[in-house]
S.K.: 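Let me begin by handing over the structure; questions about it come next.
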Amino acid sequence: MNQESQQPSSRGSATELVRAGLKRRYAREKRFRLYGLTAIFGSLAFLAVLIISITVRGLPAFQQTFIQLDVTLDAGTLGLTDNPDNAALLKANYNGVIKKALLASFPDVKKRNDKKALYKLMSKGAQYDLQRKLIADPELIGQSKTYWLPAGDDANGYMKGIVDTTLPEKKRRFKDNQIAWVETLKSEKRIAQRFNKTFFERGDSREPEMAGIRGALFGSILTLFVTLMLSFPVAVAAAIYLEEFAPKNKWTDLIEVNINNLAAVPSIVFGLLGLAVFINFFHLPRSAPLVGGLVLSLMTLPTIIISSRAALKSVPPSIRDAALGLGASRLQVVFHHVLPLALPGILTGTIIGMAQALGETAPLLMIGMVAFIVDVPTSLTDPATVLPVQIFQWADLPEKGFVERTSAAIMVLLAFLIAMNAFAVMLRRKFERKW
Amino acid sequence: MNLEQDQAEQTIDEIVASLGDTVGETRVENPKMSATGVDVFYADKQAIYGVDLDIANNEVIAMIGPSGCGKSTLLRCLNRMNDTIPICRVTGELTLDGEDIYNKDTDPVLLRARVGMVFQKPNPFPKSIYENVAYGPRLHGLSRNKADLDDIVVTSLRKAGIYNEVKDRLDAPGTGLSGGQQQRLCIARTIACSPEVILMDEPCSALDPIATAKIEELIDELRENYAIAIVTHSMQQAARVSQRTAYFHLGKLVEVGDTDTIFTNPSHELTENYITGRFG
Ligand SMILES: Nc1ncnc2c1ncn2[C@@H]1O[C@H](COP(=O)(O)OP(=O)(O)OP(=O)(O)O)[C@@H](O)[C@H]1O
Ligand SMILES: [Mg+2]
């Protein structure tokens, strides 16, 4: 009897204890969830600030100011003889015809200094536009036509409202007379903002109006192509060998330790290695996407190997037993069953490695991908630069056009990254089997 | 009684030596597989001590014994699944149709096609039911065309007694079946390779009594065409499905004989203790 009555009461007190503790437990859980939410919203807020500030600063770069001029391409001013060849067309004095056209538009400008200021309204790139047009169609010589030609950096900045006109004239580069000319052009509807095709069609330039992202973008694509082609197969093969075939002994342990260490080596060291081995020893071309890709492969290999091994390891051993038990060879077990199941994980690791490679700057500086390169690379051995290096270079320049182009280039880099990730997610979906 | 007291002081090797020779007839006429003086080591630790045992055609042999006595180890030797464990070493002679299966010339891939295995935990591939069964035949090139393959798949599923349950959803994932169905699918998968011997390691341990009954029935039917060795922890199951029973203890084959004799009139003290539930 005694025992029986004790049983429920002790039981009751235990329940009591649990109940007393419950409140604290729930409170703790609530607090923890709150911390988590705060962390997530905090980081989302930072991300939003980052993206908004970049977008706000970068968007103007996608617009470029153009000025309409009536240009006469007369052979005299251009310094051309009859039937000029290509070389002559390249060297012709396009500046002269543009200056003439400007003076024709503003006949009141007489003083030397004023003329100089007037010429500055136009971008130096305007000459190249004319040059291209003339080379494409030499018949234009002697004809008068209206062209929309790119405006200079200051005029462009003024049109975008970046120039602070409240400042005293001495303190700004864009002077009052220039403002007056631009206003005149505006009232005549001869100055306008248009989509900046140049930004996507050209390589780097000293003139911000003429500078484009295409060179760096293609450099990045070529470099990443080399990186992917080298590191993915090698890393997956290494991971498969180490995980599925290699005996477990001190040699494989040593290799494992080394791979883990390699993943932690600062990337600049790989750059130095690339410089010493690929350029100085093998005499591969400097600044080439080929060398950049080789160096970045060294860097991404350990990342992909480690994540691939983890993915292979997570495939249940019972699947291997099942296939082996049916008489599959070890290679068949790997390629029919283990690899397909591990592929999503391997792809995730690969995309992390490639994203790292895409954003890498330091090792590429070591192998000369920081050079000023105007041409868009078309092969793996052409000199090239890559997006992050281009951003790094532009960020150093004072012109307003480069400031906005820096942000625009970051936007392009981010878009590239997102496209790459989206592709990986798509691939992963395709291979992922939840059953 | 005496035996158990001594165990505390003796090393395993001494106890094993004290167990003496196997009681009962280890040999049969026309054995399908046969083991002679088989020792198995995991690194330095011996798991099987000098086992002699025959597996006969058209017969189910049950292997019973306390946990850790080496039943799975011996079973895995019979189709060289132990090859996948680097520290595992097998000595002695194991033959299939009189040929040494640990011979340098024996291809483990071919061996495993002839000696199929069903595992303790159902382990269908994460593919469709059809693909699960078709994998083996495709691997070994057993079918000449699609119709042939379809035929093999259907026949195997039928023999495994699961065809009626899955015939409408051969394209559904094999992993979506119930545990018992999955195990029968695994049996169908094994049968599809047309093995000569089927090894089963506690095939029913993850199943409920109804699924177990179905599989036991299936084993009984399969006996007509195959030599079957089954490891089980259930005395009832051993008694129901097997014709011969082998009792293992600490890596040693203690007693082997007709199932009826072993369960009604065991000769060895340890066998009797185990069967009557006084040990193990
Ligand atoms: N992979 C392995 N590595 C090392 N030792 C092992 C390994 N597998 C089994 N052993 C050892 O070999 C002995 C026999 O194991 P085995 O799995 O054959 O026993 P079992 O009779 O199947 O037991 P159970 O009934 O619990 O399945 C055990 O002592 C075990 O610890
Ligand atoms: Mg076992």
Side-chain angles (χ1 to χ4, degrees), chain A residues 238-257 308-348 427-435, chain B residues 72 75-76 78-87 107-129 131-142 172-177 182 185-186 188-195 198-201 206:
Chain A
I240 289 176
Y241 178 74
L242 286 174
E243 205 50 52
E244 303 286 331
F245 295 100
K248 301 273 172 281
N249 56 29
K250 22 181 223 293
W251 292 111
T252 42
D253 283 350
L254 190 72
I255 291 173
E256 175 152 11
V257 168
S308 300
R309 288 189 69 177
L312 289 168
K313 213 176 274 179
S314 71
V315 174
S318 64
I319 296 290
R320 293 184 179 84
D321 279 352
L324 273 178
L326 287 175
S329 68
R330 284 170 76 183
L331 200 68
Q332 285 170 326
V333 172
V334 170
F335 282 97
H336 294 171
H337 300 283
V338 180
L339 197 56
L341 289 172
L343 210 49
I346 293 177
L347 286 177
T348 307
L427 272 184
R428 209 162 51 201
R429 284 267 164 77
K430 193 161 169 271
F431 289 114
E432 206 156 50
R433 265 168 295 197
K434 277 267 151 17
W435 35 288
Chain B
S72 301
L75 204 66
R76 290 166 63 90
L78 295 174
N79 69 345
R80 291 184 59 173
M81 282 298 281
N82 279 341
D83 289 11
T84 58
I85 304 170
I87 55 168
D107 190 335
V109 168
L110 179 65
L111 174 69
R112 290 184 199 131
R114 293 175 67 191
V115 183
M117 187 156 200
V118 177
F119 297 84
Q120 176 168 3
K121 223 180 95 211
N123 54 356
F125 298 125
K127 300 183 180 201
S128 71
I129 294 173
E131 285 301 320
N132 259 285
V133 184
Y135 182 68
R138 229 183 244 150
L139 203 58
H140 303 299
L142 299 184
T175 36
L177 298 171
Q182 284 188 19
L185 176 63
C186 290
R189 185 174 69 181
T190 306
I191 298 171
C193 294
S194 320
I198 300 178
L199 310 173
M200 299 186 177
D201 195 350

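No hydrogens, no waters, no symmetry mates; every other heavy atom, side chains included, goes into these values. Lettering of chains follows the sequences in order, A, B, ..., and the numbering in each one begins at 1. Bear in mind that the values here come from a model prediction, so they are computed numbers and not experimental data.
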S.K.: For B:R76, is it the side chain, the backbone, both or neither that has a heavy atom under 4.5 Å from a heavy atom of chain A?
M.R.: side chain

S.K.: I want to check something: taking the side chain as every heavy atom from C-beta on, are B:Q120 and B:M200 in contact at a cut-off of under 4.5 Å?
M.R.: no

S.K.: Heavy atom to heavy atom, less than 4.5 Å: which residues from residues 132-142 of chain B reach chain A?
M.R.: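 Interface residues of residues 132-142 of chain B: B:Y135, B:L139, B:H140.
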
S.K.: Of the non-hydrogen atoms in A:L242 and A:K248, which two are nearest, and what is the gap between them?
M.R.: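 Smallest interatomic distance, heavy atoms only, reads O-NZ, 3.4 Å.
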
S.K.: Does the side chain of B:P124 come within less than 4.5 Å of B:T175's, by heavy atoms?
M.R.: yes

S.K.: Set out, in order, the CA-CA distance, both residues' side-chain angles and the distance that settles side chain to side chain contact (heavy atoms under 4.5 Å, CB included) for B:T190 and B:M117, then state yes or no.
M.R.: CA-CA 7 Å; B:T190 306; B:M117 187 156 200; 5.9 Å; no

S.K.: Apply side chain to side chain contact (heavy atoms under 4.5 Å, CB included) to the pair B:D201 and B:V118, showing each step before the final yes or no.
M.R.: CA-CA 6 Å; B:D201 195 350; B:V118 177; over 6 Å; no

S.K.: Start with the C-alpha distance between A:H337 and B:F125, add both sets of side-chain angles, then the distance that settles side chain to side chain contact (heavy atoms under 4.5 Å, CB included), and finish with yes or no.
M.R.: CA-CA 8 Å; A:H337 300 283; B:F125 298 125; 3.4 Å; yes

S.K.: Can you find a pair of side-chain heavy atoms, one from B:N123 and one from A:I319, that are under 4.5 Å apart?
M.R.: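 In short, these two side chains do not touch, never coming nearer than 4.5 Å.
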
S.K.: Are any side-chain N or O atoms of B:R112 and backbone N or O atoms of B:N79, one a donor and one an acceptor, separated by less than 3.5 Å?
M.R.: yes

S.K.: Looking at CG of B:L78 and CD1 of B:I198, how far apart are the two atoms once the value is rounded to the nearest 0.5 Å?
M.R.: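 One gets 13.5 Å once the value is rounded to the nearest 0.5 Å.
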
S.K.: Using a strict cut-off of less than 4.0 Å between a Lys/Arg side-chain nitrogen and an Asp/Glu carboxylate oxygen, indicate whether B:R80 and B:D83 qualify as a salt bridge.
M.R.: yes

S.K.: Give me the contact list for residues 320-328 of chain A versus chain B, heavy atoms only, anything under 4.5 Å, ordered by residue number.
M.R.: A:D321, A:A322, A:A323, A:L324, A:G325, A:L326, A:G327, A:A328

